[in-house]
S.K.: 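Starting off with a structure, shown below.
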Amino acid sequence: MKENFEIRYDFIAKDGTRHQDMDSVRAANDRYWEYMNPKKINKIGADELDLKVMLKRQFKEKFELATHEITMLNIDFKQWDRYYILLMEAVKSGVVSKQDIVVFARNLRSASVITITIHEHEEYLKNQKVLNGIIDKINLEQGQARR
């Protein structure tokens with residue numbers, strides 16, 4: 001007999017991420033609190049490095065959750081657009097590695113998206129072109145760095 005195991009997310013943290021247990025919810029809430037109420041940084045030092053590490057970890061966790069959802073389900077355009085905005089924030093922040101950005105952009109590009117209106121479909125196609133541009137630009141930069 002085969003048993004079907006599903007990953008169940010029964011708890012939701014303040015930042016909207018879904019978790020399986022309360023310990024990970026508490027950790028996510030702590031990170032969210034630190035993100036929403038950052039320490040005042042007067043000089044470049046350990047505090048700023050800690051903030052960058054925390055932001056990088058947050059983006060990576062959100063990428064992993066979104067990737068699981070994108071690859072397993074057909075998603076509607078509004079949800080896809082939220083992930084697209086998350087990717088653009090990651091690109092602008094500069095704390096996420098280029099490899100992670102390319103992997104997530106490829107996952108977004110290959111997601112099965114349900115668009116209802118013509119406007120959503122046009123926006124989806126426009127954002128697909130931007131994703132292709134980001135992937136091409138990073139691949140070109142990495143290709144030039146290898147030479």
Side-chain angles (χ1 to χ4, degrees), residues 5-116 119-146:
F5 291 102
E6 286 187 27
I7 296 176
R8 298 222 26 207
Y9 298 101
D10 296 330
F11 304 101
I12 298 176
K14 290 182 182 179
D15 62 352
T17 57
R18 301 181 324 187
H19 301 274
Q20 293 176 333
D21 59 356
M22 280 305 293
D23 292 334
S24 61
V25 171
R26 285 186 196 102
N29 286 342
D30 291 342
R31 287 190 301 272
Y32 181 73
W33 174 258
E34 291 172 5
Y35 176 73
M36 295 304 290
N37 302 308
K39 298 176 185 175
K40 292 183 180 178
I41 301 171
N42 295 329
K43 60 183 178 181
I44 298 174
D47 291 338
E48 186 173 333
L49 182 63
D50 290 341
L51 184 63
K52 285 185 177 182
V53 168
M54 182 185 64
L55 285 173
K56 185 176 182 177
R57 187 179 335 126
Q58 281 184 345
F59 277 121
K60 196 165 190 170
E61 288 176 0
K62 288 182 181 180
F63 282 175
E64 289 173 2
L65 287 172
T67 300
H68 176 71
E69 203 165 319
I70 288 170
T71 56
M72 295 303 211
L73 306 169
N74 294 338
I75 59 173
D76 64 342
F77 175 74
K78 291 178 184 177
Q79 192 171 10
W80 185 88
D81 194 44
R82 278 189 260 137
Y83 296 143
Y84 174 78
I85 291 170
L86 174 69
L87 177 69
M88 292 299 117
E89 289 175 358
V91 169
K92 289 178 186 175
S93 71
V95 296
V96 181
S97 70
K98 293 184 179 188
Q99 291 83 8
D100 290 339
I101 289 173
V102 168
V103 168
F104 190 67
R106 286 182 179 153
N107 288 334
L108 268 179
R109 188 175 61 182
S110 65
S112 179
V113 180
I114 302 168
T115 58
I116 298 173
H119 176 69
E120 285 181 352
H121 188 68
E122 290 172 353
E123 186 75 19
Y124 173 71
L125 293 176
K126 185 179 85 172
N127 292 345
Q128 284 284 354
K129 288 181 183 178
V130 173
L131 286 175
N132 290 336
I134 289 172
I135 292 169
D136 292 343
K137 181 180 177 184
I138 291 175
N139 286 339
L140 183 64
E141 289 175 359
Q142 289 178 345
Q144 288 177 352
R146 289 183 193 141

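This is a predicted model, so every value here is computed, not measured.
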S.K.: Using ring pair (Phe, Tyr, Trp, His ring centres under 6.0 Å) as the criterion, list what pairs up with Phe59, not counting sequence neighbours.
M.R.: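 So Phe59 forms no ring pair (Phe, Tyr, Trp, His ring centres under 6.0 Å) with any residue.
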
S.K.: Say you draw a straight line from CD of Gln58 to CG of Leu86; how long is it, rounded to the nearest 0.5 Å?
M.R.: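 Atom-to-atom, Gln58:CD and Leu86:CG are 10.5 Å apart.
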
S.K.: Going by salt bridge (charged side-chain N to carboxylate O under 4.0 Å, His left out), name the residues that satisfy it together with Lys98, two or more places apart in sequence or in a different chain.
M.R.: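 Partners of Lys98 under the salt bridge (charged side-chain N to carboxylate O under 4.0 Å, His left out) test: Glu141.
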
S.K.: Supply the atom-to-atom distance Arg82 CZ to Ile75 CD1, rounded to the nearest 0.5 angstrom.
M.R.: 9.0 Å

S.K.: Which heavy atom of Ile101 sits nearest a heavy atom of Ala90, and at what distance?
M.R.: CD1-O, 4.3 Å

S.K.: Quick one: pull up OG1 in Thr115 and CH2 in Trp80 and give me the separation to the nearest 0.5 Å.
M.R.: 10.5 Å

S.K.: Who are the side-chain contact (heavy atoms from CB on, under 4.5 Å) partners of Ser97, not counting sequence neighbours?
M.R.: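 Applying side-chain contact (heavy atoms from CB on, under 4.5 Å) to Ser97 gives Gln99, Asp100.
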
S.K.: So how far is it from Lys129 NZ to Lys126 NZ, rounded to the nearest 0.5 Å?
M.R.: 10.5 Å

S.K.: Test of understanding: with side-chain contact (heavy atoms from CB on, under 4.5 Å), list the residues that count as partners of Ile85, not counting sequence neighbours.
M.R.: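 Ile85 satisfies side-chain contact (heavy atoms from CB on, under 4.5 Å) with Asp81, Glu89 once adjacent residues are dropped.
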
S.K.: Tell me every residue that passes side-chain contact (heavy atoms from CB on, under 4.5 Å) with Arg26, counting only those two or more places apart in sequence or in another chain.
M.R.: Met22, Asp23

S.K.: With sequence neighbours left out, what residues match Glu122 under side-chain contact (heavy atoms from CB on, under 4.5 Å)?
M.R.: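 Glu122 satisfies side-chain contact (heavy atoms from CB on, under 4.5 Å) with Ile118 only.
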
S.K.: Could you tell me the separation between the CG atom of Asn132 and the NZ atom of Lys137, rounded to the nearest 0.5 Å?
M.R.: 14.5 Å

S.K.: Taking side chain as C-beta onward, heavy atoms only, is Phe63 less than 4.5 Å from Asn107?
M.R.: no

S.K.: Which distance, rounded to the nearest 0.5 Å, do you find between the CE of Met88 and the CG of Asn127?
M.R.: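 Rounded to the nearest 0.5 Å, the CE-CG separation comes out at 7.5 Å.
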
S.K.: Between Glu120 and Tyr124, do the side chains contain an N or O donor and an N or O acceptor separated by less than 3.5 Å?
M.R.: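 Not at all, the side chains of Glu120 and Tyr124 share no donor-acceptor pair under 3.5 Å.
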
S.K.: Looking at every heavy atom in both Leu108 and Gln128, which two are closest together, and how far apart are they?
M.R.: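 Smallest heavy-atom distance, with atoms named: O-NE2, 4.1 Å.
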
